[in-house]
Amino acid sequence: MKNRMNAILTATINDCFERGILSRTSIPPYVIEIPNNPAHGHFATNVSMVLASSQRRRPTDIAKTIIDNLKDDQHLLESADIAGPGFINFRIRATEWCGLLTEIGNLKAEYGRNDAGKGEKVLVEFVSANPTGPLHLGHGRGAALGDTLCRILAFCGYDVAREFYINDAGAQVRLLGESVYSRFRQIKNPHYPFPENGYHGDYILDLAIAISQKMDLNKLPEEEAIAFCAQKGKEMMLQEIKADLSRFRVVFDTWSSETDLHQSGLLHDTLEMIREDGYLYEKDGATWLRTSPFGDDKDRVIRKKDGEFTYFASDIAYHLQKCGKGFTRAVNIWGADHHGYVPRIKAALSAHGISPNWLSVLLIQLVKLWEGGQEIRMSKRAGSFVTLRELMDAVGEDAVRFVFLMKNHDSPLDFDMDLVKKRDSDNPVYYVQYAHARACSIFRKAEAEGILMAGAPVDLSGGLILEEELAMIRAMADFPSLLMEICATLEPHRLTYYLTDLAALFHRYFNLGTKVPEYRVVTADAALTQARLALVEGVRTVIANGLRLLGIDAPEKM
RNA sequence: GCGCCUGUAGCUCAGUUGGAUAGAGCAGCGGACUUCUAAUCCGCAGGCCAGAGGUUCGAAUCCUCUCAGGCGCGCCA
């Protein structure tokens, strides 16, 4: 609908240029928006205001010229008025709005799909938790954000690949092995020392017991036993992580491993390539990458004095490898505590001639957990944390996903366990799901009375006349452009607000019928009933499509 | 000290990328089920958009500074 408005406006302005009514200038960027005040019509544009300076005329004059010469061949418009300092407010004819219901009825689950992405290849990397412990709330937030973003990008015509990068090399996996081995020995000898920075969670003991059942650790020399614990522990944690993610309805196309980077020689080759470019140098016995000319604060160490590579080294190899796969864009979802890392990795990319814009990093702010009015501090090392699995057990996958997606990723999120555990109805997700279930119940009612929806285009002789009805259709018309905006801004949380608004319009409408029988959907008037059923079917479809993109069930009964 | 993020109703947060009179939910008060699902709806109350300047037809939104909070600044991972 917005596109059709835009077509009319540009045609009108160009026509005015042709006929010399407006002096020929470039058209500055202007906005067609949905006013928040219904009295301002269905759409409003500021085009005459942004034209004012180049036309050297008053905005209201230009607005009048545009209105008097509107090229509305298809009779889309009901009215166009000048308002305020020079806005033009438009109203669309009711029959045009109702045409949308026919469109949704035909497209069904496909309504909202578009080709804004034009098949562009995008790689989205998210979660990427270390396989040294279970997923916690921060990972859950990243999983919900990344997964929903991918679903929406794919729906908008992007060619999306989802990747999980496994940091499975280096010291922390060794530390996992030491922690597990120590717990194993402590079964017999409680005084056996525990590594200083070891992982304290209860799951370490679970791992120790499970691993010792597969292999008699007492028979191995200590070093081998620790290595075995590290390897097995890593594998088992990864299985747990995959299981949790799967239950959370998150799937990945590729699992990329840091160990593979080392073993395949890719890390070595990448560094040699950079060395040939002239960005590596030796200092104090270590190897450094010259990142400071590319916006980083200082140069960074790639290989330590002791010969070990830093994480930065494998991250560079990993990201350069991503570029080689033909993706025109990459999105990373990281915890906000890694934000200092962004300029560094972009500098490394720049040094290799890759634009920093190729990579977008979404930083997720902290998830704080509250219980009994107190904040629960989370720390994997100290072993005190709430896992994603525990949260799913407590409130269900739907509620967890919805709550995580209600907030912008760069604002911190408070998760109140008491509220969410005790009173299900306080969960905003039920508000949206209930709207869907209600719509379904209307169809059950209609069916029970022997009324079936006709497949024919919506007949308006009965008329969808109520403002409440038009408001819903207008909201539904905005669904595709909302999805496109989400792709442009990478802000999927806007979908939860959209769905809540649409559900509110529907609940309000539904309640009209409890007061006034004529406002019910199923009435004695057959034509009106058909039109309203098409409306309800439209709402049901859009909510179902939106919930599907959020990865949330759309129940038919509640 | 430097950098990134945040500051909007009592609380948790939106705010269509610069638009018209700043919006929800929860908490509070008062109403609506003999009816298509009350997990709902309606009404009341609640605001110096942290503060001060600036940019322009127009600022919660953009720029500068100040204040407050979170996070990060390793040859750690």
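Note that the structure is predicted; figures quoted are calculated from it, not measured. Residue numbers start from 1 in every chain, and the chains themselves are labelled A, B, ... in the order their sequence lines are given, proteins ahead of strands.
Nucleotides B:C11 and B:U56 are separated by 37 Å at their P atoms, to the nearest Å. Taking the P atoms as reference points, B:U6 lies 13 Å from B:C13, given to the whole Å. With P as the reference atom, B:C5 and B:G43 are 39 Å apart, rounded to whole Å. Here, B:A60 and B:C48 have their P atoms 14 Å apart, quoted to the whole Å. Straight-line distance between the P atoms of B:A22 and B:U16: roughly 15 Å, to the nearest whole Å. Taking atom P in both B:G70 and B:U8, one finds a spacing of 15 Å when rounded to whole Å. A gap of 25 Å separates the C1' atoms of B:A27 and B:C33, to the nearest Å. When the P atom is used for both B:C71 and B:C75, the distance is 22 Å, rounded to whole Å.
For residues 35-55 of chain A, no pair satisfies salt bridge (charged side-chain N to carboxylate O under 4.0 Å, His left out), with sequence neighbours left out. Sorted by first and then second residue, the salt bridge (charged side-chain N to carboxylate O under 4.0 Å, His left out) pairs with a member in residues 432-452 of chain A read A:Lys445-A:Glu449; sequence neighbours excluded. Pairs of residues two or more places apart, or lying in two chains, that qualify as side-chain hydrogen bond (donor to acceptor under 3.5 Å, both in side chains) and include a residue from residues 491-503 of chain A are A:Glu485-A:Arg494.
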At under 4.0 Å between heavy atoms, how does the protein contact nucleotides 10-16 of chain B? Give one character per nucleotide, 5' to 3', with B, S or -. --SSSSB
Quick tally for nucleotides 33-38 of chain B: nucleotides whose base has a protein heavy atom under 4.0 Å get B, sugar-phosphate-only ones S, the rest -, giving --BBBS
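Regarding the sugar-base torsion, B:C33 falls in the syn class, its angle being within 90° of 0. Annotated as anti: B:U61, whose glycosidic dihedral deviates from 0 by more than 90°.
Among residues two or more places apart in sequence or in another chain, the side-chain contact (heavy atoms from CB on, under 4.5 Å) test is passed with A:Val521 by A:Ile442, A:Tyr509, A:Arg532, A:Leu533, A:Val536. Remark: A:His436 engages no residue in a ring pair (Phe, Tyr, Trp, His ring centres under 6.0 Å) (not counting sequence neighbours). Residues that satisfy the salt bridge (charged side-chain N to carboxylate O under 4.0 Å, His left out) test with A:Glu518, not counting sequence neighbours, are absent from this structure. Partners of A:Tyr165 by ring pair (Phe, Tyr, Trp, His ring centres under 6.0 Å), not counting sequence neighbours, listed by chain and number: A:Tyr318.
In the interface, the side chain of A:Asp337 is not paired with the base of B:G72 through any donor and acceptor atom under 3.5 Å apart. Side-chain N/O atoms of A:Asn89 and base N/O atoms of B:A20 include a donor-acceptor pair closer than 3.5 Å.
OP1 or OP2 of B:C76 has at least one side-chain nitrogen or oxygen of A:Lys304 nearer than 4.0 Å.
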Test side chain to side chain contact (heavy atoms under 4.5 Å, CB included) on A:Phe404 and A:Leu391 and set out the steps. CA-CA 12 Å; A:Phe404 278 150; A:Leu391 197 63; 4.1 Å; yes
Full working for ring-ring contact (aromatic ring centres under 6.0 Å, His included) between A:Phe294 and A:Tyr279: CA-CA 11 Å; A:Phe294 301 98; A:Tyr279 293 112; 5.6 Å; yes
Which is it for A:Glu282 and A:Arg303 under the salt bridge (Lys or Arg N to Asp or Glu O under 4.0 Å) test, yes or no, and what are the steps along the way? CA-CA 9 Å; A:Glu282 308 293 325; A:Arg303 186 172 206 168; over 6 Å; no
For A:Glu467 and A:Arg508, run salt bridge (Lys or Arg N to Asp or Glu O under 4.0 Å): C-alpha distance rounded to whole Å, both residues' side-chain angles, the deciding distance at 0.1 Å, then the answer. CA-CA 12 Å; A:Glu467 259 313 306; A:Arg508 186 175 309 155; over 6 Å; no
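Base contact: A:Ala286 has a heavy atom under 4.0 Å from a base atom. When heavy atoms are screened at a 4.0 angstrom cut-off, A:Asn167 is found touching no nucleic acid atom at all. Residue contacts shown for A:Ala44 include a base, since a base heavy atom lies under 4.0 Å away.
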Where does RNA chain B pair, written as one dot-bracket string 5' to 3', with Watson-Crick or G-U pairs under 3.5 Å, ( ) inside the strand, [ ] for crossing pairs and | for another strand? (((((((..((((.....[...)))).(((((.......))))).....(((((..]....))))))))))))....
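The nearest whole Å value for the distance from the CZ atom in A:Phe309 to the P atom in B:A77 is 13 Å. Between A:His338 atom NE2 and B:C76 atom C1' there is a gap of 11 Å when expressed in whole angstrom units. The interatomic distance linking A:Lys346 (NZ) with B:G3 (P) rounds to 18 Å, in whole Å. At whole-Å resolution of the value, CZ in A:Phe506 and P in B:A24 are 20 Å apart.
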Side-chain donor-acceptor contacts of residues 48-56 of chain A below 3.5 Å, not counting sequence neighbours, with atom names and distances?
from, atom 1, to, atom 2, distance (Å)
A:Ser48, OG, A:Gly86, O, 2.6
A:Ser54, OG, A:Leu51, O, 3.3
A:Gln55, OE1, A:Ser23, N, 3.2
A:Gln55, OE1, A:Ser23, OG, 3.0
A:Gln55, NE2, A:Ser23, O, 2.8
A:Gln55, NE2, A:Thr25, OG1, 3.2

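Positionally, the nearest nucleotide of RNA chain B for A:Gln365 lies more toward the 5' end than for the other of A:Gln365 and A:Val301.
A:Trp97 and A:Phe43 have parallel rings, their planes meeting at less than 30° on a 0 to 90° scale where 60° marks the start of perpendicular. Taking the six-membered ring where tryptophan is involved, the planes of A:Tyr341 and A:Trp334 are perpendicular, since the angle between them exceeds 60° and thus also 30°.
Across B:U17, B:A20, B:G3, the shortest atom-to-atom separation from the side chain of A:His339 is found for B:G3.
No more than 12 heavy atoms of other residues, nucleotides or ligands sit less than 6.0 Å from atom CD of A:Glu196.
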Contacts under 3.5 Å, N or O only, protein and nucleotides 42-44 of chain B:
from, atom 1, to, atom 2, distance (Å)
B:C42, OP1, A:Arg508, NE, 2.5

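Residue A:Tyr431 and nucleotide B:A39 are not classified as a stacked aromatic pair, given the requirement of ring centres less than 5.5 Å apart at an interplanar angle below 30°.
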